[in-house]
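Comments concern the structure below.
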Amino acid sequence: TATTEIYTLSLHDALPIRMKRISLTQYLVEQQREHGHIPGQLRLLIEVVARACKRIAIAVNKGALGDVLGSAGSENVQGEVQKKLDVISNEVLIEANEWGGHLAGMASEEMDSIHVVPNRYPQGEYLLLYDPLDGSSNIDVNVSIGTIFSVLRKVGHARGVSEEDFLQPGKHQAAAGYCVYGPQTTLVLTVGSGVAMFTLDRETGSWVLTQDEVHIPEDTKEFAINMSNMRHWAPPVKRYIDECLQGKEGPRAKDFNMRWVASMVADVHRILTRGGIFLYPWDKREPDKPGKLRLMYEANPMAFIVEQAGGMATNGRQRILDVAPGKLHERVSVILGSKNEVARVTGYHAEAE
Ligand code: AHG
Ligand code: MN
Ligand code: MN
């Protein structure tokens with residue numbers, strides 16, 4: 001029909017003008033030329049992780065056809081039931097990264113202790129930490145999920161690697177990123193000079209730069225928090241959300257909207273796209289735990305990305321990237337997103353003390 005023709009025409013016409021296709025490889029090479037901060041090993045690492053994410057995306061997309069849904073019948077070190085995709089994604093990332101000579105070791109939400117690169121492969125200078133499949137409760141219901149990763153440099157000694165080597169504050173990350181498996185498969189990356197987004201072109205199998213210099217608006221009218229935990233929150237968090245809920249008539253004098261996907265990747269991705277604030281704070285349910293989310297492979301990489309996009313990330317008291325980790329699977333309270341809102345909640349914590 002005429003409509004189809006017009007649509008097809010305009011789509012083809014628009015493409016070359018709208019997008020000069022820049023691949024992930026080209027982006028990394030150009031970044032290295034401009035800033036000199038992506039040495040060969042780091043570039044290989046990022047490309048290998050990106051390739052692993054493609055494999056995970058394929059498994060995710062198979063769904064019920066690929067026997068990837070449901071529980072794996074095991075538990076991880078944090079006592080959470082592992083889904084088949086948690087285990088598959090973890091294995092895909094190990095297999096992809098072991099042999100390249102860019103890594104000394106890996107750590108994952110789904111592994112009790114660190115995975116040292118086997119002796120048969122050369123050891124590299126980087127450490128990779130990841131949440132292979134974030135948003136596990138959303139797998140079986142076909143809602144966006146993702147992979148989160150953080151890259152540290154092994155410092156201090158030449159041979160071997162131990163858990164100690166991983167326990168660096170997030171401000172030392174060399175790179176961080178995540179991949180969202182949603183309506184589109186999107187890879188978001190920072191190497192410390194801003195944030196770039198790449199969309200997976202399923203026809204060519206390549207990652208195409210679709211947004212550079214991502215910027216989170218300083219202000220927002222949208223918050224993300226699991227409201228069912230309200231009665232357990234600490235007073236500063238309760239105060240902040242109460243004020244948002246009062247809308248136009250309250251002290252904030254504007255109406256707020258709420259979103260909660262329950263996949264951190266998807267919630268953070270929305271914030272990078274249109275602003276917002278995300279909170280997974282400490283609460284009274286398990287008072288001895290600082291929070292639910294894990295510092296090393298959830299909070300740190302997301303905090304790095306958010307700061308690189310002009311946002312802010314704290315645990316209510318301290319910049320997340322300054323937190324000195326005591327153990328690999330340490331948890332942390334997380335407040336991140338639009339700068340002015342995160343500063344406000346952090347200020348409420350200071351006032352309460
Ligand atoms: P994971 O699936 O890797 O264990 O992480 C789930 C996390 C995070 O993605 C999300 O923000 C949060 O858990 C959701 O928690 P609630 O179910 O308590 O809302
Ligand atoms: Mn997670
Ligand atoms: Mn996970």
Side-chain angles (χ1 to χ4, degrees), residues 49 52-53 56 59-60 68-72 74-94 106-112 128-150 176-182 188 222-233 237 241 258-272 276-286 289-303 305-306 313 315 320 328-337:
V49 170
C53 288
I56 298 172
V60 167
V68 295
L69 303 183
S71 156
S74 49
E75 271 189 7
N76 66 16
V77 67
Q78 2 231 341
E80 298 160 341
V81 174
Q82 289 180 306
K83 297 288 175 68
K84 282 183 194 159
L85 266 176
D86 289 321
V87 176
I88 295 168
S89 309
N90 190 55
E91 274 161 17
V92 166
L93 280 157
I94 295 178
M106 292 174 241
S108 155
E109 179 185 327
E110 306 305 339
M111 298 191 287
D112 302 8
L128 175 65
L129 300 95
Y130 54 85
D131 175 355
L133 210 291
D134 175 67
S136 305
S137 75
N138 282 324
I139 299 170
D140 294 351
V141 292
N142 199 0
V143 170
S144 292
I145 50 184
T147 297
I148 310 172
F149 67 96
S150 159
Y178 65 80
C179 181
V180 206
Y181 313 111
V188 175
E222 199 164 65
F223 65 86
I225 193 166
N226 186 335
M227 291 287 288
S228 67
N229 298 324
M230 187 174 224
R231 69 190 186 285
H232 308 298
W233 295 339
V237 174
I241 299 296
M258 193 201 83
R259 286 287 186 277
W260 185 251
V261 183
S263 292
M264 189 194 202
V265 268
D267 282 310
V268 169
H269 194 66
R270 184 187 58 257
I271 289 171
L272 282 178
I277 179 171
F278 169 96
L279 306 96
Y280 211 121
W282 168 92
D283 68 45
K284 297 202 287 272
R285 283 175 299 171
E286 289 179 277
K289 278 189 191 166
K292 174 181 181 180
L293 298 174
R294 276 70 37 133
L295 174 64
M296 304 295 291
Y297 40 80
E298 290 179 318
N300 271 343
M302 290 313 201
I305 293 167
V306 164
N315 63 2
I320 293 213
L328 199 56
H329 298 287
E330 182 164 318
R331 294 172 192 258
V332 67
S333 177
V334 176
I335 302 164
L336 60 76

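Start at 1 with the first residue, then count along the sequence. Only this structure's heavy atoms are used, side chains among them; waters, hydrogens and symmetry mates stay out. We count ligands from 1, going down the list as the structure has it; atoms in each ligand are counted the same way.
Annotation for ligand 1: atoms under 4.0 Å from non-hydrogen atoms of Ser136 are 2 (O). Per-residue contacts place Leu133 under 4.0 angstrom from the following atoms of ligand 1 (heavy atoms of the residue considered): 2 (O), 3 (O). Close contacts between ligand 1 and Met264 involve ligand atoms 8 (C), 9 (O), 10 (C), 11 (O) [criterion: under 4.0 Å to a heavy atom]. Atoms of ligand 1 found under 4.0 Å from any heavy atom of Glu298, numbered from 1 in the order shown, are 3 (O), 5 (O). For ligand 1, the atoms closer than 4.0 angstrom to any heavy atom of Gly135 are 1 (P), 2 (O), 3 (O), 5 (O), 9 (O). Counting atoms of ligand 1 from 1 in the listed order, those under 4.0 Å from a heavy atom of Arg294 are 1 (P), 3 (O), 4 (O), 5 (O). Those atoms of ligand 1 that come under 4.0 Å of a heavy atom in Asn226, given as number and element, are 16 (P), 18 (O), 19 (O). Heavy-atom contacts of Asp131 reach the following atoms of ligand 1: 3 (O) (cutoff under 4.0 Å).
Contact annotation for Arg285 and ligand 1: no heavy atom of the residue comes within less than 4.0 Å of the ligand. Residue Ser263 touches ligand 1 through its backbone alone, judged by heavy-atom distances below 4.0 Å.
Of the charged side-chain nitrogens involved, at least one lies within less than 4.0 Å of a carboxylate oxygen, so that Asp267 and Arg270 count as a salt-bridged pair.
Scanning all protein heavy atoms for the shortest distance to atom 18 (O) of ligand 1 gives Tyr280 OH, 2.6 Å. In terms of protein heavy-atom proximity, atom 13 (O) of ligand 1 is nearest to Lys292 NZ, 3.1 Å. Residue, atom and distance of the protein heavy atom nearest to atom 7 (C) of ligand 1 are Leu293 CD2, 3.7 Å. Of the protein's heavy atoms, Asp134 OD1, 3.2 Å lies nearest to atom 5 (O) of ligand 1.
Nearest to the Mn ion (ligand 2), among the N, O or S atoms that Asp131 has, is OD2. Its N, O or S atom nearest to the Mn ion (ligand 2) is what matters here, and for Glu298 that atom is OE2. Nearest to the Mn ion (ligand 2), among the N, O or S atoms that Asp134 has, is OD1.
Atom CZ of Arg285 is separated from atom CG of Asn229 by 3.5 Å, given to the nearest 0.5 angstrom. Distance check, rounded to the nearest 0.5 Å: OG of Ser108 to CE of Met296 gives 12.5 Å.
Screening Tyr178, Tyr181, Tyr297 for a side chain to side chain donor-acceptor pair (under 3.5 Å) involving Thr147 leaves a single residue, Tyr181. Among Asp86, Val87, Val81, the single residue meeting the side chain to side chain contact (heavy atoms under 4.5 Å, CB included) criterion with Ser71 is Val81.
Among the backbone and side-chain atoms of Leu133, an N, O or S atom lies under 2.8 Å from the Mn ion (ligand 3). Residue Glu109: an N/O/S atom is found under 2.8 Å from the Mn ion (ligand 3).
A donor-acceptor contact shorter than 3.5 Å is absent between the side chain of His329 and the backbone of Arg294.
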TODO: Go through the steps for Glu109 and Gln78 under the test side chain to side chain donor-acceptor pair (under 3.5 Å), then give the verdict.
DONE: CA-CA 8 Å; Glu109 179 185 327; Gln78 2 231 341; 4.9 Å; no
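Residue Ser137 places every heavy atom at 4.0 Å or more from ligand 1.
Using a 4.5 Å cut-off on side-chain heavy atoms (C-beta onward), Ile320 and Leu295 make contact. Annotation: side chain of Pro290 is not in contact with side chain of Ser333 (no heavy-atom distance under 4.5 Å). Side chains of Ile139 and Leu69 form a contact here, defined as non-hydrogen atoms less than 4.5 Å apart. The closest side-chain heavy-atom distance from Leu93 to Met106 is not below 4.5 Å. Contact of the Ile335 side chain with the Ile277 side chain is registered, since non-hydrogen atoms from C-beta on lie closer than 4.5 Å.
Aromatic rings of Trp260 and Phe278 (six-membered ring for Trp) have centroids within the 6.0 Å cut-off, being under it.
With Met227, Glu110, Glu109 as candidates, the residue nearest to atom 3 (O) of ligand 1 on a non-hydrogen basis is Glu109.
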